[in-house]
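To start, the structure itself, in structure tokens.
Because only heavy atoms are used, hydrogens play no part in the values below, and waters and symmetry mates are left out as well, while side chains stay in. Not measured: the values here are computed from a predicted model.
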Amino acid sequence: MKLFPVLFAFYWLSVLVWFLLAERLCTGLSRRHPLLYAALGQPAHGSGTGLRGPLALLGFLMRRRDRFMDDEEIARLCRSMRTLLIVYALVFLSAPAFF
């Protein structure tokens with residue numbers, strides 16, 4: 001059971017990092033690519049879009065639409081978010097094996 005506090009801390013740290021990265025991505029898209037940001041439904045957190053905005057942002061990331069943009073900073077941010085999502089999923093899908 002000593003692994004539980006580590007997984008708990010990892011969970012909350014990853015949630016915090018995800019929200020910070022998502023906020024940074026939304027800010028970058030809204031400033032440098034306003035048409036794309038509008039097409040995604042302006043997915044900023046707390047914008048009142050419900051799940052539609054975050055799901056559009058997740059779809060943007062998973063479909064790798066950033067590769068069609070000529071913006072290295074956005075591309076690097078998207079790669080980081082995809083990596084975090086994959087690591088997060090792998091850790092929590094494998095977590096039951098440790099208990």
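Note: I74 CD1 to R76 CZ = 10.0 Å, rounded to the nearest 0.5 Å. L57 CG to C78 SG: the interatomic distance, rounded to the nearest 0.5 Å, is 7.5 Å. In this structure, CZ on R32 lies 13.5 Å from OH on Y37, to the nearest 0.5 angstrom. Distance check: S80 OG to L85 CG gives 12.5 Å after rounding to the nearest 0.5 Å. The distance from the CG atom of L25 to the CG atom of L77 is 5.0 Å, given to the nearest 0.5 Å. We find the CG-CG distance between L35 and L40 to be 11.0 Å, quoted to the nearest 0.5 Å.
Note on ring orientation: taking the six-membered ring where Trp is involved, the planes of Y88 and F92 are tilted (angle from 30° to 60°).
Formation of a donor-acceptor pair under 3.5 Å by the R82 side chain with backbone atoms of M62 is not found in this model.
With contacts defined as side-chain heavy-atom distances shorter than 4.5 Å, the pair L29/R24 does not qualify. Using a 4.5 Å cut-off on side-chain heavy atoms (C-beta onward), D66 and R64 make contact. Taking the side chain as every heavy atom from C-beta outward, V15 and F10 never approach each other to under 4.5 Å. No side-chain heavy atom of Y11 sits under 4.5 Å from any side-chain heavy atom of V91.
The minimum heavy-atom distance linking W18 with L61 is given by the pair CH2-CD1, 3.7 Å. Across all their heavy atoms, C26 and P43 have their closest contact at SG-O, 3.7 Å. Nearest heavy-atom pair across V17 and L84 is CG1-CD2, 3.8 Å.
Within 6.0 Å of CZ in R67 there are more than 12 heavy atoms belonging to other residues, nucleotides or ligands.
Hydrophobic clustering, with ILVMFWY side chains joined whenever heavy atoms are under 4.5 angstrom apart, keeps L20 apart from L13. Note: the hydrophobic cluster containing L7 does not contain L93 (ILVMFWY, side chain heavy atoms under 4.5 Å, direct or indirect links).
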